[in-house]
Amino acid sequence: MWWRVICLTLLGLFGLTACGTSPLRGAAPGVLTGGIVYHGGPSSAAPSNTHYEPGTVEVRHQGRLVTTQQVSEGNLYHLSLAPGDYDLYVHLGDLTCHRLVRVQSASTTTADLSCSIK
């Protein structure tokens, strides 16, 4: 009977890793980069160049805070993360912008956080 418990536990652990939902410990990290972009608001005309806004990017995995990075105006964030799926957030007063990203081992993922403002 105890061998069944062990087998089911191992299957559950390997199944989670195979789905890519859990950061892979020991794998080469990936780089996540991007900026905070506002759209909408009083001036609805689309700018010709992307302007990156200031803010704090929050990175979470399965609801747990992994890291944060303060970004100054005109700059991008750069994070080294274990491969896996992450939720990115930026809080603008009452507004929260969100994006789901997948970081892959030894590669760079670009993910701007696009925030719709009124």
Side-chain angles (χ1 to χ4, degrees):
M1 181 61 130
W2 61 270
W3 62 271
R4 259 190 185 173
V5 173
I6 292 172
C7 287
L8 290 174
T9 302
L10 289 174
L11 284 174
L13 289 173
F14 287 121
L16 254 175
T17 302
C19 292
T21 60
S22 180
L24 300 174
R25 303 279 182 230
V31 173
L32 180 61
T33 187
I36 301 167
V37 180
Y38 297 166
H39 61 87
S43 172
S44 61
S48 58
N49 295 334
T50 300
H51 177 76
Y52 292 114
E53 301 292 340
T56 301
V57 175
E58 181 179 284
V59 181
R60 293 185 172 269
H61 173 70
Q62 295 181 344
R64 291 188 190 156
L65 182 63
V66 175
T67 189
T68 62
Q69 188 175 78
Q70 185 70 34
V71 182
S72 56
E73 186 172 349
N75 291 312
L76 302 173
Y77 62 86
H78 299 279
L79 301 164
S80 178
L81 298 167
D85 294 335
Y86 296 91
D87 289 294
L88 302 180
Y89 295 93
V90 64
H91 304 284
L92 308 168
D94 292 339
L95 176 67
T96 299
C97 306
H98 170 259
R99 179 168 182 178
L100 177 65
V101 296
R102 176 166 286 169
V103 174
Q104 295 183 3
S105 180
S107 67
T108 298
T109 302
T110 302
D112 286 344
L113 275 156
S114 182
C115 302
S116 177
I117 58 175
K118 297 178 181 181

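Just so it is clear, the values below take in all heavy atoms, side chains as well, and ignore hydrogens, waters and symmetry mates. Throughout, numbering of the chain's residues begins at 1 and tracks the sequence.
The distance from atom CZ of R64 to atom OH of Y86, rounded to the nearest 0.5 Å, is 12.5 Å.
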| message | I'd like to know whether Y89 forms a side chain to side chain contact (heavy atoms under 4.5 Å, CB included) with R60, so could you lay out the CA-CA distance, the side-chain angles of the two residues, the decisive distance to 0.1 Å, and finally the verdict. | response | CA-CA 8 Å; Y89 295 93; R60 293 185 172 269; 3.9 Å; yes
| request: Step by step, work out the side chain to side chain contact (heavy atoms under 4.5 Å, CB included) result for N75 and Y52. | output: CA-CA 6 Å; N75 291 312; Y52 292 114; over 6 Å; no
| said: Test side chain to side chain contact (heavy atoms under 4.5 Å, CB included) on L81 and V66; report intermediate values, then the result. | reply: CA-CA 9 Å; L81 298 167; V66 175; 4.0 Å; yes
| query | Where do V101 and L88 land on the side chain to side chain contact (heavy atoms under 4.5 Å, CB included) test, with the steps shown first? | reply | CA-CA 7 Å; V101 296; L88 302 180; 3.9 Å; yes
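Side-chain contact check for L79 versus T67: some heavy-atom pair is nearer than 4.5 Å. T56 has its side chain out of reach of H91: every pair of non-hydrogen atoms, C-beta onward, lies at least 4.5 Å apart. By the 4.5 Å heavy-atom criterion applied to side chains, T68 and V57 are not counted as neighbours. Using a 4.5 Å heavy-atom threshold, the side chains of S80 and P29 count as touching. Here the side chains of S116 and H39 are in contact, with some heavy-atom distance below 4.5 Å.
Within the structure, disulfide (SG to SG under 2.5 Å) pairs that include any residue of residues 62-118 comprise C97-C115 (at least two apart or interchain).
Taking each heavy atom of T109 and Q104 in turn, the nearest pair found is OG1-N, 4.2 Å.
L95 is connected to V71 through a chain of hydrophobic side-chain contacts under 4.5 Å among Ile, Leu, Val, Met, Phe, Trp and Tyr, so both are in one cluster. Note on I36 and I117: same hydrophobic cluster, where clusters join Ile, Leu, Val, Met, Phe, Trp and Tyr whose side-chain heavy atoms are under 4.5 Å apart, directly or indirectly. Y38 and L76 sit in two unconnected hydrophobic clusters of ILVMFWY residues. Membership requires side-chain heavy atoms under 4.5 Å apart, directly or through other members. With hydrophobic clusters built from ILVMFWY side chains whose heavy atoms lie under 4.5 angstrom apart, V90 does not share a cluster with V37.
A distance-only check finds a donor-acceptor pair linking the side chain of D112 to the backbone of G35 [under 3.5 Å]. In this structure a side-chain-to-backbone donor-acceptor pair under 3.5 Å is missing from R99 to D87. Under the 3.5 Å distance criterion, the side-chain polar atoms of H61 are left unmatched by any main-chain donor or acceptor of G84. Under the 3.5 Å distance criterion, the side-chain polar atoms of T33 are matched with a main-chain donor or acceptor of Y77. A donor-acceptor pair under 3.5 Å links the side-chain atoms of S105 to the main chain of A28, judged by distance alone.
Judged purely by distance below 3.5 Å, without hydrogens or angles, the side chains of H51 and E73 pair a donor atom with an acceptor atom.
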